[in-house]
Amino acid sequence: MIFTIFKKELKETLRDKRTLIMMLVIPLLIFPLILNVVVGLSSSFEESAESKTIKIGVIGETRDYFSQKLQNIPNALGPKTLIPYHGDSVKIRNDLKDEKLDLIFIYDRDFATKLENFISTQLICAFDMTQVGYKKRAERYIEQINIEEQLKRFQALGIDEQKIKPFDIVYENSASSQKMIGELVGGFLPYIFIAFGFMGCMYPAIDLFTGEKERGTIETLLTTPIDRWKFLVGKMMVVICSGLMASFVALLGLFLSINFMDMIPDPEIMKVVHQILSIGFILKLFLLLLPLTIFFAGIMVPIAVYTKTFKEAQSIIAPLNILVLIPAMIGLFPGIELNVQTAMIPILNIVLTTKGLIGGTVDYGLLAISFTVMLILASFAVTISFKQFGKESNILS
Amino acid sequence: MINVKNLHKKFLLNKEQKKELQTNDKYALVVDDLSFECRPGEIFSLLGPNGAGKTTTLRMLSTIIKPTEGSIEIGGINAITHPNEARSKIGFLTGSTGLYARLNAHEFIDYFASLYGVNNKDLTERKNYLFDLLDMNDFAHNRIAKLSTGMKQKVSICRTMIHNPEVVVFDEPTSGLDVITAESIIQLIRDCKSQQKTVIFSSHIMGEVDLLCDRLAIIHKGKLKYQGTMSDFRKNMTETSLTGQFIKTVQS
């Protein structure tokens with residue numbers, strides 16, 4: 001009988017445009033859209049920052065030593081126009097503030113003399129640090145001039161550059177590519193799944209419970225010789241399936257974006273990503289998402305049973321999304337790791353466990369604790385749902 | 001057969017309801033010691049003004065809600081201790097019965113038939129009979145959302161009768177319906193009587209009651225004000241119209 005109820009509710013849910021949009025369309029398109037926009041925008045910003053002719057204000061003259069050095073830097077390192085300020089340090093700084101200049105260099109009047117006499121001097125480089133590419137450009141120019149001046153000094157002092165450098169440092173990354181990916185995107189992925197799992201549950205929960213009251217079908221349903229808990233289970237199964245489906249479709253969207261939209265140019269990383277997105281990983285992920293989705297359904301169903309209209313239900317359930325995402329966001333912070341304490345915190349435990357699964361560093365003992373915690377919470381939520389669904393005041397209000 | 005004895009129903013009042021009713025009482029007594037009997041082949045009418053407790057009584061008969069006190073027997077089954085068995089004998093129709101708009105009539109009827117445990121053979125027979133009787137074949141494959149009010153009401157009737165119930169409960173079944181659709185309901189109630197079903201219906205339209213019922217009970221504020229046959233009610237009338245007599249009974 002539960003299956004009959006489930007089948008009917010699923011059929012109705014799949015015929016609801018609003019649910020279909022939230023369950024299938026948005027989750028499927030979100031990753032391709034986000035990735036496309038983010039990758040497209042950042043590369044176009046970088047490109048335009050690289051090719052932009054930036055206006056550089058120099059405190060001295062265009063013919064002084066520093067300006068000449070700057071002029072000599074080839075345009076391949078970034079095109080530029082030099083504007084001299086003839087010693088007016090107030091105006092140069094004001095013009096930078098007013099965005100008439102992109103970058104300014106302030107140095108002493110005797111900058112060239114000090115360099116010639118091997119005396120250390122100061123160079124102030126100022127720019128708006130919120131602008132993309134200015135820092136890179138400034139560092140590139142300064143490095144070029146600095147290297148030249150250093151070489152000059154080495155030669156003049158007869159020093160072999162190699163002799164004053166005790167050793168070359170090579171930093172090696174001991175983390176596997178999988179672990180790196182796990183650390184970088186491992187928190188973000190479950191965050192997305194949690195958001196979609198919640199959204200996927202929301203509309204069916206409201207439609208199948210509040211909607212039943214609003215349409216006046218609940219009385220008809222309750223005059224049939226079926227125990228109320230069977231209706232509850234059948235309907236909840238649809239809510240859970242919708243949540244899982246939304247998460248699955250989001251994962252599919254991600255997979256399609258990675259495979260067909262050329263998001264990851266490095267074949268090595270692509271290989272690791274494919275290894276991560278294995279059937280085994282997906283199964284483990286859904287095993288974790290299952291109690292989480294039951295928990296979501298268990299939160300939403302009593303609210304949906306209690307409220308009288310779709311609008312009222314939506315106005316209560318929608319803000320819960322933020323509450324649910326807070327522990328998920330904590331999981332994004334660096335240094336937060338899965339341990340016995342964090343495994344006890346619902347939602348955060350799912351984020352951290354998924355992070356471990358992606359990075360291949362998961363502790364299966366802690367995974368079991370996380371799963372059990374979520375299962376207990378889910379059972380608790382289902383019990384509350386059952387109590388609320390059976391209440392006369394909720395059925396007939 | 002419906003047998004109701006000393007039925008009581010109290011509802012816990014929330015703050016808003018207390019304010020609305022201007023009372024400090026914790027509970028509202030909606031049905032107060034109601035007893036009546038309704039036999040097969042008989043149409044029993046439950047009459048009363050708005051808020052009299054008619055719908056609450058019928059909801060208790062249909063086992064949607066439980067009485068605070070008293071007993072209900074449906075076809076010899078204790079509806080309070082064995083609600084599922086009692087429900088399988090009841091067909092319940094209200095004027096505000098909702099339908100699943102995203103299903104078509106076939107799907108809707110099939111679903112309720114499966115909830116009532118109707119087997120495939122009986123379902124096909126009953127569906128053919130009712131679809132022909134109610135002239136539903138032309139729109140049976142259309143989504144319910146696209147049907148007219150009259151068509152929807154026919155689907156509701158079909159749903160009420162699909163499991164061939166012994167007892168049929170109608171709660172203000174013609175409320176808000178046009179004359180033609182209301183007439184189809186009246187005809188259905190008559191058919192139920194001729195099929196020896198036990199019919200109970202609530203209304204506040206005296207014309208309908210006069211037309212249909214064999215026995216009636218008038219309730220007001222949950223209390224029984226009158227119970228007897230329709231012919232006795234007419235015989236003992238002191239007012240010039242049935243409506244006038246009904247008002248007098250309620251106010252007595």
Side-chain angles (χ1 to χ4, degrees), chain A residues 1-20 23 203-204 206-235 238 305-310 312 389-397, chain B residues 9-14 16-17 55-56 58-68 77 82-104 107-108 110-118 143-145 155-156 159-160 162-163 165 167-169 171:
Chain A
M1 190 46 66
I2 291 172
F3 185 66
T4 305
I5 297 163
F6 169 76
K7 230 169 55 181
K8 176 259 164 188
E9 300 296 1
L10 187 66
K11 188 186 275 178
E12 259 213 301
T13 299
L14 292 175
R15 285 178 184 174
D16 179 28
K17 279 181 197 157
R18 194 166 30 189
T19 307
L20 280 185
M23 192 171 82
Y203 281 97
I206 300 174
D207 187 49
L208 298 185
F209 290 91
T210 315
E212 194 96 57
K213 275 162 81 176
E214 216 175 14
R215 289 187 294 263
T217 45
I218 188 83
E219 282 190 48
T220 323
L221 205 62
L222 297 179
T223 53
T224 58
I226 306 296
D227 293 321
R228 282 178 194 177
W229 69 266
K230 287 181 183 166
F231 285 117
L232 177 75
V233 173
K235 281 167 178 284
V238 175
V305 169
Y306 173 75
T307 49
K308 293 178 184 76
T309 61
F310 200 99
E312 191 188 357
F389 191 64
K391 263 190 179 174
E392 281 179 7
S393 55
N394 285 337
I395 293 165
L396 302 175
S397 58
Chain B
K9 182 65 187 176
K10 273 182 193 172
F11 282 120
L12 186 68
L13 293 173
N14 61 31
E16 278 174 29
Q17 288 165 330
T55 299
T56 304
L58 296 187
R59 278 173 173 168
M60 285 191 281
L61 292 187
S62 313
T63 73
I64 298 170
I65 55 174
K66 277 186 178 169
T68 316
I77 291 164
H82 298 88
N84 281 352
E85 285 89 332
R87 279 178 208 145
S88 62
K89 292 177 180 286
I90 302 172
F92 183 74
L93 183 75
T94 74
S96 58
T97 297
L99 301 167
Y100 296 115
R102 296 192 286 269
L103 298 184
N104 64 37
E107 291 166 338
F108 183 76
D110 289 352
Y111 177 56
F112 274 90
S114 61
L115 295 180
Y116 280 108
V118 179
R143 292 252 177 112
I144 289 169
V155 178
S156 277
R159 191 267 310 152
T160 310
I162 193 67
H163 58 297
V167 173
V168 195
V169 179
D171 183 17

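Chain letters run A, B, ... following the sequence lines, proteins first, then strands; residues in each count from 1. These numbers come from the heavy atoms of this one structure, side chains and all, not from hydrogens, waters or symmetry mates.
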What option among B:K89, B:R159, B:E85 has the most heavy-atom pairs under 4.5 Å with chain A? B:R159
Contact part of B:A86 toward chain A, heavy-atom cut-off under 4.5 Å: side chain, backbone, both or neither? neither
Check A:R228 against B:T63 and note the closest heavy-atom contact, atom names and distance. NH2-O, 3.7 Å
Can you pull the salt bridge (charged side-chain N to carboxylate O under 4.0 Å, His left out) pairs that have at least one residue in residues 2-12 of chain A, sequence neighbours excluded? A:K8-A:E12, A:E9-A:K235, A:K11-B:E107
Relative to chain A, which segment of B:F108 carries a heavy atom at a distance below 4.5 Å: side chain, backbone, both, or neither? neither
Among A:T220, A:D227, A:T4, A:L222, which residue has the highest count of heavy-atom pairs closer than 4.5 Å to chain B? A:T220
Using non-hydrogen atoms and a 4.5 Å limit, figure out which bit of B:L99 sits close to chain A: side chain, backbone, both or neither. backbone
Evaluate the ring planes of B:Y116 and B:H163, with Trp represented by its six-membered ring, and classify them as parallel (under 30°), tilted (30 to 60°) or perpendicular (over 60°). parallel
Parallel, tilted or perpendicular: rings of A:F389 and A:F209 (30°, 60°): perpendicular
Measuring from A:I226:CD1 to A:F231:CZ, what's the distance to the nearest 0.5 Å? 5.5 Å
Under 4.5 Å to a heavy atom of chain B? For A:E214 that would be neither
